Participant: 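The following block contains the structure, expressed as structure tokens.
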Number of protein chains: 2
Amino acid sequence: MQKQKKSKSSLIQSVDRALQILETFSREKKELGVTELSNILGLHKSTTFGLLATLENRGFVDQNISTGKYKLGLKLFELGNLVKDSMELRAIAYPILKELVDKYEETVHLVVHDKGEVVYIDKIDSNSAININSYVGKRNPMYCTGVGKCLLAYMDAEYVENILSSELKAYTANTIVDPEKIKDELVNARLNGYCFDNEEIEEGLRCIAAPIKNHLGQVIAAISVSGPSMRMTDQKFDLLIEPVKETTLKISRQLGYRGV
Amino acid sequence: MQKQKKSKSSLIQSVDRALQILETFSREKKELGVTELSNILGLHKSTTFGLLATLENRGFVDQNISTGKYKLGLKLFELGNLVKDSMELRAIAYPILKELVDKYEETVHLVVHDKGEVVYIDKIDSNSAININSYVGKRNPMYCTGVGKCLLAYMDAEYVENILSSELKAYTANTIVDPEKIKDELVNARLNGYCFDNEEIEEGLRCIAAPIKNHLGQVIAAISVSGPSMRMTDQKFDLLIEPVKETTLKISRQLGYRGV
DNA sequence: AACGTCGTACGATAATAACGAACAAAAGGA
DNA sequence: TCCTTTTGTTCGTTATTATCGTACGACGTT
């Protein structure tokens, strides 16, 4: 993430508050009332009510008439689809990633980075009964995910420094939180052209990831093949290294990448 | 649409303006500049700039550094996915609709209504080379689409009156814009349990549609089987009537509907 | 029936958003 | 190459609005 260009003092408070309301909803919090939102955001009830009324007027939230609670509205569905449909990378990558899923029977993710995190922009599950509890639209930290490390490996030092200087949470016993060790991971990721998540973001979950490059050779996205540790053995990793690298090269080629 | 409960005078202007900015982007207008947006929305440039800065700060828009233009941001993608994933109807309907597509080799849509329009919440294309130029997230009027008429047929008279009393645009030579004739269409749709779009929204496009009911027997959604007129012949329509009705009954059953 | 909680309405005013002017940078045309 | 035009951005003033506090009706609980 490049340095923030616009001063925070130029932000419009009421707009910022309305956006915060939208961000408060989640998979766990599908419906929220006026008082609930006020408590979470530290706003007066009548302030919250006015913001909600404005959001509702244009369909960004919807009120459940019988309970009085609010949920995210269809307008976000529409705008979200505009964003999705404008992602050429996603369309290009899908059939290629589907082949990988079909052949190796594991979940594949496609991610981009945004504001120091990875965002999952596509996910293709295998037919396995045991799959990964991730979802399109989810965010995860970069320092302890395979895809995140693959992206960080190619970012400028300042971006990396910025991330490594903030508090690094240990999600599992395997999460690497020592900045120097993370940097070693990044060096290896760059050398190898791929890297692993060895139960770093979630216990029992391993993945192999590789970067995708655009026509300028810039790393803009990454993919991962993920699975439960019981299936993602070292042998399976060995099997996956070349196919994963070939897959990202194939996608990169279609984006105009001409390097090796 | 029920009567608007909240007074327009209680809306917050700056929030409303920010939402208008988001709504200005479209498939045709993926990137917009400050001055462009100001001209479209009738705002001062510095006002627009402040609104965009606030939206960008939370990831609702993104600025292309090299061109200075803005586009919708990843946060909308994330929130849009929250909305999509919360649509149980969509998940329930998908496999059932897929069977219909596979069997009859035509595009199927799933729609809901919102603020007097239909919104496409799912679309399954067939493998045909010639398909329908619609997309998930798109809105269309209700009075001249098969799905729209199916929904209007079960709505209270006030909702229908409200729609029919606004200006009805003729999209094709076949668009019915006489309110009395539209009402006849709705009576027929209710009697038959299905209805047609006979090149009313778009020349060369026909569909057969039917309503989906929830556990209370309320019509909450509709599906359509659509295709080019050269394929959607009267014979094909005859073939599709029962399967389409059976499909919507199947979906309605899974939503708890117990009627006939 | 009484009490507590929630969503909503409304008016006063403190705080902010809007606007206008100005500037730097970039693009386009001569 | 130079000049003009356009765009994005900044900043200060003030008109306007968003926020807050109070109050009320509806609903749920005891």
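Quick caveat: nothing in here was measured; it's all calculated off a predicted structure. So that the names make sense, note that chain A is the first sequence line, chain B the second, and so on, each numbered from 1.
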Participant: Any chance you could measure Met142(A), atom CE, to Leu152(A), atom CG, to the nearest 0.5 Å?
Facilitator: 4.0 Å
Participant: Side chain of Ile12(A) only, heavy atoms from C-beta on: which candidate in dA18(C), dT10(D), dG21(D) is closest?
Facilitator: dA18(C)
Participant: Would you tabulate the nitrogen or oxygen pairs shorter than 3.5 Å linking the protein to nucleotides 3-8 of chain D?
Facilitator:
residue, atom, partner, partner atom, Å
dG8(D), OP1, Val34(B), N, 3.2
dG8(D), OP2, Val34(B), N, 3.1
dG8(D), OP2, Thr35(B), N, 2.6
dG8(D), OP2, Thr35(B), OG1, 2.7
dG8(D), N7, Lys45(B), NZ, 2.9
dG8(D), O6, Lys45(B), NZ, 3.3

Participant: In residues 13-26 of chain B, what residues come within less than 4.0 Å of DNA chain C, judged by heavy atoms?
Facilitator: Gln13(B), Ser14(B), Arg17(B)
Participant: Is the His215(A)-Tyr257(A) ring centre distance short of 6.0 angstrom?
Facilitator: no
Participant: Go through the N and O atoms of the side chain of Ser46(A) and the base of dG7(C), and report whether any donor-acceptor pair is under 3.5 Å.
Facilitator: no
Participant: Whole angstroms only, please: what is the CG-P distance between Leu51(A) and dA17(C)?
Facilitator: 11 Å
Participant: Return the value, rounded to whole Å, for the distance between atom CD1 of Ile65(B) and atom P of dA26(C).
Facilitator: 13 Å
Participant: Rounded to the nearest angstrom, tell me the gap between atom CG in Leu37(A) and atom P in dC6(C).
Facilitator: 13 Å
Participant: Can you name the nearest heavy-atom pair linking Leu76(A) to Leu72(A), along with the distance?
Facilitator: CD1-CD2, 3.5 Å
Participant: What distance do Thr48(A) atom OG1 and Asn39(A) atom CG have between them, rounded to the nearest 0.5 Å?
Facilitator: 8.5 Å
Participant: Rounded to whole angstrom units, what separation is found between the NE2 atom of His44(A) and the P atom of dC20(D)?
Facilitator: 7 Å
Participant: Looking at CG of Leu41(B) and OG1 of Thr24(B), how far apart are the two atoms once the value is rounded to the nearest 0.5 Å?
Facilitator: 4.0 Å
Participant: Report yes or no: do His109(B) and Ser134(B) form a side-chain donor-acceptor pair below 3.5 Å?
Facilitator: yes
Participant: dA17(C) P sits how many Å from Leu41(B) CG, rounded?
Facilitator: 18 Å
Participant: Does Ile121(B) reach the side chain of Val136(B), with side-chain heavy atoms less than 4.5 Å apart?
Facilitator: no
Participant: Write down the distance between CG (Asn64(A)) and P (dC27(D)), rounded to a whole number of angstrom.
Facilitator: 14 Å
Participant: With Arg27(A) as the cation and Tyr135(A) as the aromatic partner, state whether NZ or CZ is under 6.0 Å from the six-membered ring centre and within 45° of the axis.
Facilitator: yes
Participant: Please report how far the helix from dA1(C)-dT30(D) to dA30(C)-dT1(D) bends, comparing the axis fitted to its first five pairs with the axis fitted to its last five, to the nearest 10 degrees.
Facilitator: 50°
Participant: If the plane angle is over 60° it's perpendicular, under 30° parallel, otherwise tilted; pick one for Tyr171(A) and Tyr143(A).
Facilitator: tilted
Participant: Hey, are Asn64(A) and Ser66(A) close enough side-chain-wise for a donor-acceptor pair under 3.5 Å?
Facilitator: yes
Participant: Within a reach of under 6.0 Å around NZ of Lys138(A), are more than 12 heavy atoms found that belong to other residues, nucleotides or ligands?
Facilitator: yes
Participant: Specify the residue among Thr47(A) and Ser66(A) whose closest nucleotide of DNA chain D lies further upstream toward the 5′ end.
Facilitator: Thr47(A)
Participant: What is the separation between atom CD1 on Ile40(A) and atom P on dC6(C), rounded to the nearest whole Å?
Facilitator: 13 Å
